[in-house]
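Hydrogens, waters and symmetry mates play no part in the numbers below; they use all other heavy atoms, side chains included. To find a chain, count down the sequence lines: A is the first, B the second, and so on, and within it residues start at 1.
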Amino acid sequence: MSDTPEPTRDFIRDIVASDLEAGHTEQVVTRFPPEPNGYLHIGHAKSICLNFGIATEFKGRCHLRFDDTNPVKEEQEFIDSIQHDVHWLGFDWGEHLNYASDYFEQLYEWAEHLIRTGKAYIDDTAPDAMRAQRGTLTEPGQNSPDRYRSIEENLDLFRRMRAGEFPNGARVLRAKIDMTSGNMNLRDPVLYRILHATHPRTGDKWCIYPTYDFAHGQSDAIEHVTHSICTLEFEDHRPLYDWLIENLPVPSRPRQYEFARLNISYTVLSKRILTRLVSEKHVSGWDDPRMPTLAGIRRRGVPAAAIREFVRRIGVARAYSTVDVAQLDAAIREVLNPSAPRRMAVLRPLKLIIENYPAGQTETLQAINHPDDPSAGTRPITFGREIYIEQDDFMEDPPKKFFRLAPGREVRLRYGFFVTCNEIVRGPSGEIVALRCTYDPATKGGNAPDGRKVQATLHWVAAADAVAAEVRLYEQLFNRPDPGADGDVMADLNPSSMEVLRNCLLEPALASAPEGEAVQFERLGYFCRDRDCTPTRPVFIRTVGLRDTAKAQIEGNAQLRANADVLKRSARKAETRPG
RNA sequence: UGGGGCGUCGCCAAGUGGUAAGGCAACGGAUUUUGAUUCCGUCAUGCGGAGGUUCGAAUCCUCCCGCCCCAGCCA
């Protein structure tokens, strides 16, 4: 995994590079600042790759800082999972694991500083009234009656807030900026609020907590962060970020830069909605393989390198965009293709009885482990009179572009022999239960001495030693590219996002596959063994399917035939219509 | 209708006055014991629209259109 792809250029890296060149920055310091109120998702991966990537490329450092300023939403479980996920993605913060809560004392002192310089005040206005006073997007706000409280009274009140003398919501500390500003964030924003809540790290030490705006920039300054990179929705906060930095005796001067957050088609990346999916049990948990969380993606069998590659490909810009989920699949295949060992597994078995093969006899064939990598070696597989192929690989009445098995047709069994289908065995209601075939012993290994060709090679397993397994196939969690665009996101949930196949058959080598490690089921896709395995029954998850151009061709062909039928029918009608 | 942003191929995205990179998707073709992979090729006289400046404009100016964010004591 040492092949480092070309680092991409983007407007933020350009800014960093020119700051370094101009000497504005000595050593670049970035930070990834999640609030520990949920699991990380692939949108965070974009930010992580950006912040840690820049630090590495420019020989700086990147901190992991928990923005834990709201104890009512934050939990230790999330603090732990976030660290795990960042490491898994392949990044390391070294010594620089920080928490905004580490700075509560310093932040408090700076709040007093603002009071002492007349730039902040305690406001007793009730929340509803404050909202009314703030004005609207088009009308200016009104000054609070408390705006002109004396410095002494403000200081006294603030200290008593800290001492716990007042209930939640009784008063707040506000910055004294401009109630008429067109930027709502500058209309005397709240800096501290009373929250009698236990904090996952500071416990009950505090009952007043700084808001995001009062904590973030100052934390950056404390850590000497040079480039504070966040998403576009914080753009309006930048003037406030700068105002605080300029009005406080902070030890450094960080700058905020914003980029467009990631959106992916057929996917939801809102923490609020992901939390609902989990709590309302639409998925099995934060690590359900359909979830866009790093935990879910990991369980699905996607390697971290694929996420990094995906992020590298999509770039960083300020334009609002939605990346096609196919782009993610492509990155996953690109990473998995060269590394995943090949195996054979039949998901929907159809029995083949090879009539000219002696009953009770088997033989061993050699299958290669990777077509592009001879050093991956080979493995033995068993062949016998009864084998299983994929139901999809047989059609009684095949359309023109269907190359696989059909009555009277000869195909190759991969690493095995040529077989020809002679007869369909039917069950009581006429369903196909097996196919009677003959094989050509001269084609052992897969080639005919007489040089004749077949149009298809099928994967298969031998009845003699196949292992029964469950395989889970996942589709997009949502059935439209823009879930929620019409209102209720949950209404766009794809009811068939998970298909569980319980009668799958694996070649024996798969039974011992390590959990979570990708293997390619030949002709089907990349899969990995899931932790839901029992001692007697392996469970595999499909990470992503192989590109399937056959499907389009066969379906396209079927569509063409349907169209042709319609044309023929209307032509016939026209002919029979009385002149 | 206040403030702040954004509009370049179906989807991302370079380009910042010198005549439209690249990736994904799609479509051809070659090789193939995975209809996979790999390889070759096609795919924006055009940069939201209209004017203007210029020898020359996606890039500069003007007007217009569309979309996103902001009225939490969330982040």
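Straight-line distance from the CG atom of Asp213(A) to the P atom of rA71(B): 11 Å, rounded to whole Å. Atom CD1 of Ile314(A) is separated from atom P of rA25(B) by 15 Å (rounded to the nearest Å). In this entry the distance linking CG of Leu262(A) with C1' of rC11(B) reads 13 Å, nearest Å. Between the CG atom of Asp372(A) and the P atom of rA36(B) there is a distance of 13 Å, given to the nearest Å. Rounded to a whole Å, the CG atom of Leu240(A) is 13 Å from the P atom of rA71(B). Rounded to an integer number of Å, the gap from CE of Met184(A) to P of rG5(B) is 17 Å. Rounded to whole angstrom, the span from the CZ atom of Phe214(A) across to the P atom of rC73(B) amounts to 16 Å. One atom, CG of Leu186(A), and another, P of rC70(B), lie 16 Å apart when rounded to the nearest Å.
For the C1' atoms, the distance from rG48(B) to rU59(B) is 15 Å, rounded to whole Å. For the C1' atoms, the distance from rU8(B) to rG49(B) is 14 Å, rounded to whole Å.
With the nearest nucleotide of RNA chain B identified for both Arg414(A) and Thr69(A), Arg414(A) has the one nearer the 5' end. Take the nearest nucleotide of RNA chain B for Glu74(A) and for Arg412(A): the residue whose nucleotide is more 5' is Arg412(A).
Aromatic ring centroids of Trp460(A) and Phe383(A) lie under 6.0 Å apart. Taking the six-membered ring for Trp, Tyr212(A) and His216(A) have ring centres closer than 6.0 Å. Taking the six-membered ring for Trp, Tyr192(A) and Phe158(A) have ring centres closer than 6.0 Å.
Judged purely by atom type and a 3.5 angstrom limit, Asp10(A) has no side-chain atom pairing as donor or acceptor with the backbone of Gly315(A). A donor-acceptor pair is defined here as one N or O able to donate and one able to accept, closer than 3.5 Å; no such pair exists between the side chain of Asp220(A) and the backbone of Ser228(A).
When the nucleotides rC73(B), rG35(B), rC70(B) are ranked by their closest atom to the side chain of Leu137(A), rC70(B) comes out on top. For Arg523(A), the listed nucleotide lying nearest its side chain is rU34(B); candidates were rG5(B), rA75(B), rU34(B). Taking the side chain of Thr138(A) as heavy atoms from C-beta on, and the options rG4(B), rC24(B), rU1(B), the nearest nucleotide is rU1(B). Comparing rA71(B), rC12(B), rG35(B) by their nearest atom to the side chain of Arg131(A) picks out rA71(B). The His237(A) side chain lies nearest to rA75(B) when the options are rA25(B), rG5(B), rA75(B). Comparing rC74(B), rA36(B), rG5(B) against the side chain of Asn70(A) picks out rC74(B) as the nearest. Closest to the side chain of Lys401(A), from the set rA14(B), rG35(B), rC12(B), is rG35(B). Closest to the side chain of Ala330(A), out of rA25(B), rG23(B), rC12(B), is rA25(B). Residue Thr549(A) has its side chain nearest to rA36(B) when only rA13(B), rA36(B), rA71(B) are considered. With rC74(B), rG23(B), rU34(B) as the choices, the nucleotide that has an atom nearest any side-chain atom of Arg313(A) turns out to be rG23(B).
With the 3.5 Å cutoff on both pairing distances, Watson-Crick and G-U pairs in RNA chain B assemble into runs of at least 3 at B:2-7 with B:65-70, B:10-12 with B:22-24, B:26-30 with B:38-42, B:48-52 with B:60-64.
Residue Glu258(A) is out of contact with every strand shown, counting any heavy-atom pair closer than 4.0 Å.
Both the sub-6.0 Å distance and the 45° axial angle are satisfied by Arg171(A) relative to the ring of Phe166(A).
Tyr526(A) and Gln520(A) form a side-chain donor-acceptor contact under 3.5 Å, judged by distance and modelled atom types alone.
In the interface, the side chain of Asp236(A) is paired with the base of rG3(B) through a donor and an acceptor atom under 3.5 Å apart. If you check distances only, the side chain of Arg342(A) does reach the base of rU34(B) with a donor-acceptor pair under 3.5 Å.
Taking a cutoff of 4.0 Å between a charged side-chain nitrogen and a carboxylate oxygen, Lys73(A) and Glu35(A) do not qualify as a salt bridge. Here Glu334(A) pairs with Arg313(A) in a salt bridge; the nearest charged N to carboxylate O distance falls below 4.0 Å.
By the rule that a glycosidic angle within 90° of 0 means syn, rG18(B) does not qualify and counts as anti.
Contacts between residues 163-172 of chain A and RNA chain B, counted as heavy-atom distances below 4.0 Å, involve Gly169(A), Val172(A).
Using bins of under 30°, 30° to 60° and over 60° for the plane-to-plane angle, the ring pair Phe66(A)/Tyr99(A) lands in the parallel bin. Using cut-offs of 30° and 60° on the angle between ring planes, the pair Tyr439(A) and Phe417(A) is perpendicular.
In this structure, the aromatic ring of Tyr320(A) is not positioned over the six-membered ring of the base of rG7(B) within 5.5 Å between centres and 30° between planes.
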